[in-house]
Amino acid sequence: MNEPQREAVMHKDGPIMIIAGAGSGKTKVLTTRITHLMAAHEVDAFNILALTFTNKAAAEMKERIGKILGNSEARNLYVGTFHSVFARILRGEAGKIGYPSNFTIYDTDDAKSVVKTVVKEMELDEKQYKPNIVYNRISSAKNALVGPAEYINDYTLQQEDARSNRPMIGQIYDAYAKRCFKNGAMDFDDLLFKMYILLKNNADSLSKFQRKFKYILIDEYQDTNPAQYEIIKLLGAMHENVCVVGDDAQSIYSFRGATIANILQFQKDYDDVKVVKLEQNYRSSKTILNVANEIISNNKDQIEKRLFTDNGEGEKVKLVRTMTDNDEGKYVSDTIKEFKLRNHFFNKDFAILYRTNAQSRSFEESLRRMGIAYRIYGGMSFYQRKEVKDFVAYLRIVINPKDEEALKRIINYPIRGIGKTTIDKAVLFANENNISMWEVLNNAARFGFKSGTLESINNFVIMIRMFQSELDKKNAYDLAVIVGKSTGIVKDLFNDKTTEGLARYENVQELLNSIKEFIETPMNEEDGEVGDKGLGSYLQQIVLLTDSDDDKENSDVVKLMTIHAAKGLEFPVVFVGGLEETLFPNAMSINTREELEEERRLFYVAITRAKSNLFLTYSNARYRFGQLQQNDPSRFIDEMPEAMIDRSYAGTVARNNAGSGWNQGSAAERMQRGFAGSSDAGRAEKQYGAPPTKKPALPSYAIPKPQASKTAEHTPSADFVPSDTSNLQAGQKVEHQKFGFGEVLKMEGAAHNPIATVNFETNGEKKIMLNYAKLRILE
DNA sequence: TGTCTGGATGTTTTT
DNA sequence: CATCCAGACA
């Protein structure tokens, strides 16, 4: 019954909204529609705009279309992420909003650095206005299309900032925006924000792109934020051939401003929206799909959907409890090994998913120990590595000398005697005279720099000027080679024979290769207009790349990534780790129903990545912030249908049936219960201040659980006996610690090394064995 | 100006 | 635990 629905969507003109469940082949619908438009309706590739949220999704889409219609056709499509497509458009139209076409794109680190600079210059308290917090606030404003002036004049925003004791954020925002503009730079959010400004304020640009994009297609529509929404609305206004595909149940990017309100609004914005629901899942077993359905049904905010599948029943979902995070890693690696032997699976059939990047460590260690090939996605991208960014900073300054962040980064790298004091002075002069730092350096003598410093500055300026003059004669690759040689960076790295030095050298070589590849790859036929083969274009592309983009699709490795990064992917066997309170759902996201429901959607996404086997793991204790911390099992575990869960590895019966656990007793009782009795309350009070006298009536989902007790110095009780100290070296001192509901020995040894096995007694019967206790060195 | 070091501080999630 | 930074010293 899905097929006619799909068919209806292929040819039709006009606004279309496809609400499609997980595993229903969303992206395929989009690509098929594109090929139909091009083949059957003779729509020119130039007139089709397809927007995705990851480069990978865009690349796959292009590849599929290329296979059907030929690569030369596919190349001319505007397929890409919102950010990269808009960057490309803005490059061509930059002059209209006062930017150079070679504007720099600041990544998050650059942007935070600018925030920091601005806060410092405004002589505000840097503790109070932490770059992270301020930047996030600015980011949210931009995603909601709120500019600095509007921000400062908005009563509610000002109230919020005043309440959080950061009343100057509006002013910082204003100064930040001005500084970015002065630097000829846009941050990630600007790529959306400025795109909107461009279309809003320039009728000719708007009309040009409205005419151009006869068909607009958007993947993962539930992830769009207001800025993206308004841009699409403007772009699509002429032809109204906007086709969006999304799944409200997979909306997991609200921190980026995404709102499912966009799905609801879409239907109101156009007269006759064709709405199609795709509810058949082609990916997962019945069991897995049912668990997913059950989980998501706990959410209040959702569009009614019930996914079904013709796939087989499949195996039960395995729930696994371990003692520590290291055991969790070990269990997963063991299971992978066993699966490979028994069922002839390959490494690439497995994915390990988790809530936070930090969780990858224990999995990584155990996989390495077992000799299983793996790859971690996410974390730092290639272009964020220090050595690569340093090199790129040189290229940035050649292309856009106003780029102060790049300049500050490399002016003294390699060390050439231009220190902090000199830099501060140069920036100050630049601000006072309203010119760029680069211009100050160009006239260093006039600004009073003397002797050694002056000479260093002049030599630096001459070198950069030389690069700039080469820019006209040489291609991007040759220029980069010259930069590498003249600065001595490459030689320095080459001479560093440490392992890391070697890796750094290789990374820079790889950077050079990537530049070469860039200039040799044929691109879109249409945009000769802004020199898309140039270094400037290259630099604008690479900031938008993440490390999942250079994917060697067929390499046989186990894949490790966050759940966010796994969206849109599928794997035969999926492990989801860390199903613990404060981790998943994350402690940061349990304060409102909306937040908690997003965590639940995240869990839903995790479950629906699996085709045939799903393992959910959690551990009693794990290292966080360098300390062993103990967590309750995730509340999501109890939301799953009992009949489909195999708990034989969890060592517990369902808590609902056990007659004990958090779900028992009155709300007040539950709120008072604690791990270690009254002492916790006292500690909590110290840490967080006295509780409010009158507690608001909280709905059940918001009941605060007691904080897991942290380890702290502790005198051992009289009857405490360490069960095994056989690995303890002579002369090593030990100290007792209270930990969670028990006691443990702390002793000398490097982190993570299993130097001792320690049992500890807990309330009455429980005995817990820590195999890999991370034990601190004491003198 | 550059380098070393102890103490503070921090972990959601990403283009 | 890892990273960052201010302040001390070469």
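Numbers restart at 1 for each chain; the letters A, B, ... are given by sequence-line order, proteins then strands.
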Inset, instruction - Between Tyr135(A) and Met588(A), just flag the one whose closest nucleotide in DNA chain B comes earlier from the 5' side. - result: Met588(A)

Inset, instruction - Answer yes when Lys130(A) and Glu126(A) have at least one side-chain N-carboxylate O distance shorter than 4.0 Å, and no when they do not. - result: no

Inset, instruction - For Phe255(A) and dT13(B), say yes or no: do the ring centres fall under 5.5 Å of each other while the ring planes differ by less than 30°? - result: yes

Legend entry - Separation of atom CD in Gln629(A) from atom P in dT11(B), rounded to whole Å: 16 Å

Legend entry - side-chain contact (heavy atoms from CB on, under 4.5 Å) partners for Ser251(A), two or more places apart: Gln222(A), Ile260(A), Arg601(A)

Using the 3.5 Å cut-off, write out each protein N or O paired with an N or O of nucleotides 7-10 of chain B and the distance between them.
| from | atom 1 | to | atom 2 | distance (Å) |
| --- | --- | --- | --- | --- |
| dG10(B) | OP1 | Lys130(A) | NZ | 2.6 |

Inset, instruction - Please state whether the phosphate of dT15(B), meaning OP1 or OP2, lies under 4.0 angstrom from any side-chain nitrogen or oxygen of Thr108(A). - result: no

Legend entry - Set of residues satisfying salt bridge (charged side-chain N to carboxylate O under 4.0 Å, His left out) with respect to Lys567(A), sequence neighbours excluded: Glu220(A), Asp223(A)

Inset, instruction - Give the rounded distance in Å between these two atoms: CG of Asn136(A) and C1' of dT14(B). - result: 11 Å

Legend entry - Partner residues of Tyr383(A) under the side chain to side chain donor-acceptor pair (under 3.5 Å) criterion, sequence neighbours left out: Ser514(A)

Inset, instruction - Specify the separation, in whole Å, of atom CZ of Phe82(A) and atom C1' of dT15(B). - result: 11 Å

Inset, instruction - Using a 4.0 Å heavy-atom cut-off across all strands, classify Phe53(A) as base, sugar-phosphate, or nothing. - result: sugar-phosphate

Legend entry - Aromatic centroids of Tyr253(A) and Phe255(A) separated by under 6.0 Å: yes

Inset, instruction - Would you classify Asn357(A) as touching base, sugar-phosphate or nothing, given that sugar-phosphate means primed atoms plus P, OP1 and OP2, and contacts are heavy atoms under 4.0 Å? - result: sugar-phosphate

Inset, instruction - Tell me, please, which residues at least two apart from Asp189(A) pass salt bridge (charged side-chain N to carboxylate O under 4.0 Å, His left out). - result: none

Inset, instruction - Respond yes when some side-chain nitrogen or oxygen of Asn586(A) is under 4.0 Å from OP1 or OP2 of dT13(B), and no when none is. - result: no

Inset, instruction - Would you kindly give the CG-to-P distance between Leu596(A) and dT13(B), to the nearest whole Å? - result: 18 Å

Inset, instruction - Answer yes or no: side-chain N or O of Arg355(A) and base N or O of dT13(B) forming a donor-acceptor pair under 3.5 Å. - result: yes

Inset, instruction - Check the distance between dT14(B)'s P and Asp107(A)'s CG and give it to me in whole angstrom. - result: 15 Å

Inset, instruction - Could you list the residues that satisfy side-chain contact (heavy atoms from CB on, under 4.5 Å) with Ala57(A), not counting sequence neighbours? - result: Thr52(A), Thr54(A)

Legend entry - Any residue meeting salt bridge (charged side-chain N to carboxylate O under 4.0 Å, His left out) with Lys386(A), in chain and number order, not counting sequence neighbours: Asp390(A)

Legend entry - Among dT15(B), dT13(B), dT12(B), the nucleotide that comes nearest once only the side chain of Ser589(A) is considered: dT12(B)

Legend entry - 5′-ward residue of the pair Phe188(A)/Glu595(A) relative to DNA chain B: Glu595(A)

Inset, instruction - Using the test salt bridge (charged side-chain N to carboxylate O under 4.0 Å, His left out), find all partners of Glu595(A) that sit at least two apart in sequence or belong to another chain. - result: none

Below 3.5 Å is the cut-off: list the nitrogen or oxygen pairs between protein and nucleotides 1-3 of chain B, distance only.
| from | atom 1 | to | atom 2 | distance (Å) |
| --- | --- | --- | --- | --- |
| dT1(B) | OP1 | Thr422(A) | OG1 | 2.4 |
| dG2(B) | OP1 | Asn412(A) | ND2 | 3.3 |
| dG2(B) | OP2 | Asn412(A) | ND2 | 3.4 |

Legend entry - Length of the NZ-C1' vector between Lys112(A) and dT3(C), whole Å: 14 Å

Legend entry - OP1 or OP2 of dT15(B) under 4.0 Å from side-chain N/O of Asn143(A): no

Inset, instruction - Considering just the side-chain nitrogens and oxygens of Lys116(A), establish if one lies under 4.0 Å of OP1 or OP2 belonging to dC5(C). - result: yes

Inset, instruction - Whole angstrom is fine here: how far is it from NZ in Lys56(A) over to P in dT15(B)? - result: 12 Å

Inset, instruction - Check every atom of dT15(B), dT13(B), dT14(B) against the side chain of Thr356(A) and return the nucleotide holding the closest atom. - result: dT13(B)

Inset, instruction - Inspect the surroundings of NZ in Lys425(A) and state if more than 12 heavy atoms from other residues, nucleotides or ligands are less than 6.0 Å away. - result: no

